[in-house]
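Okay, so here's the structure we're looking at.
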Protein chains: 2
Amino acid sequence: MKEDFLLNMGSDGVTDRLKRLSDLFVYQTRDFYRNNGLDIEPNWHMIFRLLQEREKMTVTEIAEAIHHSHPAVIKLINKMKAKGYIDSVQDTEDLRKYYLSLSAKAIQELPKLERYWAALSEALMDLMGNHLRLLEELREVEERFEEMGFNQRAEKILNTNRLPDSPSE
Amino acid sequence: MKEDFLLNMGSDGVTDRLKRLSDLFVYQTRDFYRNNGLDIEPNWHMIFRLLQEREKMTVTEIAEAIHHSHPAVIKLINKMKAKGYIDSVQDTEDLRKYYLSLSAKAIQELPKLERYWAALSEALMDLMGNHLRLLEELREVEERFEEMGFNQRAEKILNTNRLPDSPSE
DNA sequence: ACAATTTACGTAACCAGATACATATATTGA
DNA sequence: TCAATATATGTATCTGGTTACGTAAATTGT
């Protein structure tokens, strides 16, 4: 068990630990796919699920649904298109819009993919100790974030700390 | 309050939510630094802390301490060097090693930086609801990860699911 | 009806991780 | 002692995210 300096940093280490853990999941999921001969990327799962439910969506709608920037969605979708998993059809009324949906190939492969996703899902629950406390804590922070950003909270604290304190330097 | 599809995905959405939250912290911390005229990046904080405690360390030692790859540390350190925050001295006995330490400029700026880090730290506690439950849940998952990777867990589950089930397709 | 604004998609440039590969120096071992 | 192996740093290329900027189409409003 190697030393982990981020643990010493207490809450100040949380940002990096969140990313570090997320990265571990991503890299190992990619490994898992490759070892099992699946030609998909880890972050495509949410797009599959989304388009399974909604049938067709525009780039902007997807970006809003998953709370990511639209360029992030465009890059993701372009790779899925290149592999033939996504169909794109221009809206006849609003020429700016393109409706994205799962291709025939994607739908055909779904049953196979589902089996691997089920294994990943079980492994995840296993790793979380078969409870959802991490999710719950995450949700709490996400909710507070919506009330007021980290940014503004820090700025506010900086100001209140500054006034009663020394006006020096 | 906009819809968030990742919440619908339950535990399958956790990977992306961890990264999404971490990114929010990073981007808003960068904003905070820029608004206050500080010429540093968010992920430099842990390096400052580490070198404050250990005085001097090699790239490899830093990489091990924070559980990142060594190329990640090299990139990070090179940027800090470019801004004059890091000194590098070659070991006289082992010419492969370079001891990294905080520069005079870095040490001189520390008191100023501490005030901003204190504000960020408070803001973080605020956002976490003044408890450390998120950290505790995170720690649990990190520990289980050390016992067995996500990868192997998924592979194992895949195999046990396969045997008693249909050998079809 | 047409100018001004907003919306949708796309691109460029940046940050931050990882793995794979390369090179130089140390260490090991027959 | 010298060949083989291991270690330390560095580079290239991939992933994934962001903001800033650009262009075309739709909507708003006078």
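So that the names make sense, note that chain A is the first sequence line, chain B the second, and so on, each numbered from 1.
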Starting from [atom2] on [N], measure out to [atom1] on [X] and report it in whole angstrom.
{"X": "B:D23", "N": "C:dA16", "atom1": "CG", "atom2": "P", "answer": "11 Å"}
{"X": "A:N43", "N": "C:dG17", "atom1": "CG", "atom2": "C1'", "answer": "14 Å"}
{"X": "B:D94", "N": "C:dT27", "atom1": "CG", "atom2": "P", "answer": "6 Å"}
{"X": "A:I62", "N": "C:dA8", "atom1": "CD1", "atom2": "P", "answer": "13 Å"}
{"X": "B:M57", "N": "D:dT9", "atom1": "CE", "atom2": "C1'", "answer": "16 Å"}
{"X": "B:K79", "N": "C:dG17", "atom1": "NZ", "atom2": "C1'", "answer": "11 Å"}
{"X": "B:L95", "N": "D:dT9", "atom1": "CG", "atom2": "P", "answer": "12 Å"}
{"X": "B:E93", "N": "C:dA26", "atom1": "CD", "atom2": "C1'", "answer": "12 Å"}

Looking only at the aromatic ring of each residue, does the gap between the centers of B:F150 and A:F32 stay below 6.0 angstrom?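 No, ring centres 6.0 Å or more apart.
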
Could you check B:E140, B:E147, B:E146, B:E142 and say which one makes a side-chain hydrogen bond (donor to acceptor under 3.5 Å, both in side chains) with B:R144?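 Of B:E140, B:E147, B:E146, B:E142, side-chain hydrogen bond (donor to acceptor under 3.5 Å, both in side chains) with B:R144 is met by B:E140 alone.
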
Just to be sure I understand the rule, does [X] reach a base, reach only the sugar-phosphate, or reach nothing, if contact means heavy atoms closer than 4.0 Å?
{"X": "A:P42", "value": "nothing"}
{"X": "A:R30", "value": "sugar-phosphate"}
{"X": "A:E61", "value": "nothing"}
{"X": "A:Q28", "value": "nothing"}
{"X": "A:I74", "value": "base"}
{"X": "A:A72", "value": "base"}

Of all heavy-atom pairs between A:M128 and B:V141, which one has the smallest distance, and what is that distance?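 Here A:M128 and B:V141 meet closest at CA-CG2, 4.3 Å.
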
Does A:D91 use its side chain to pair, donor to acceptor, with the backbone of A:E93 at less than 3.5 Å?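 Judged by distance alone, yes, a pair lies under 3.5 Å.
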
Can any side-chain N or O of B:S22 pair as donor or acceptor with the backbone N or O of A:T15 at less than 3.5 Å?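 Answer holds: yes.
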
Salt bridge check: are B:R139 and B:E143 linked by an N-O gap of less than 4.0 Å?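 Salt bridge present between B:R139 and B:E143.
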
side-chain N/O [X] vs [N] OP1/OP2, d < 4.0 Å:
{"X": "B:T60", "N": "D:dT9", "result": "yes"}
{"X": "A:K75", "N": "D:dT18", "result": "no"}
{"X": "B:S69", "N": "C:dG17", "result": "no"}

Establish whether the base of D:dT9 is bridged to the side chain of B:R96 by a donor-acceptor pair shorter than 3.5 Å.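 It does not, because no donor-acceptor pair links the side chain of B:R96 to the base of D:dT9 below 3.5 Å.
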
Hey, which sits more toward the 5' end of DNA chain D by its nearest nucleotide, B:P71 or A:E41?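 In this pair, the answer is B:P71.
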
Using heavy-atom distances to pick each residue's nearest nucleotide on DNA chain C, tell me which of A:H70 and A:D16 is more 5'.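 Per heavy-atom nearest nucleotide, the more 5' residue is A:H70.
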
Considering heavy-atom distances to DNA chain C, does A:Y99 or B:T92 have its closest nucleotide positioned more toward the 5' end?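 Checking each residue's closest nucleotide, the 5'-ward one belongs to A:Y99.
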
Report the nucleotide, chosen from D:dA6, D:dG16, C:dG17, that has the shortest atom-to-atom distance to any side-chain atom of B:K19.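 Minimum distance to the B:K19 side chain belongs to D:dG16.
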
Residue B:V59, side-chain heavy atoms: nucleotide from D:dG10, D:dT18, C:dT6 that is nearest: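 Comparing D:dG10, D:dT18, C:dT6 against the side chain of B:V59, the answer is D:dG10.
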
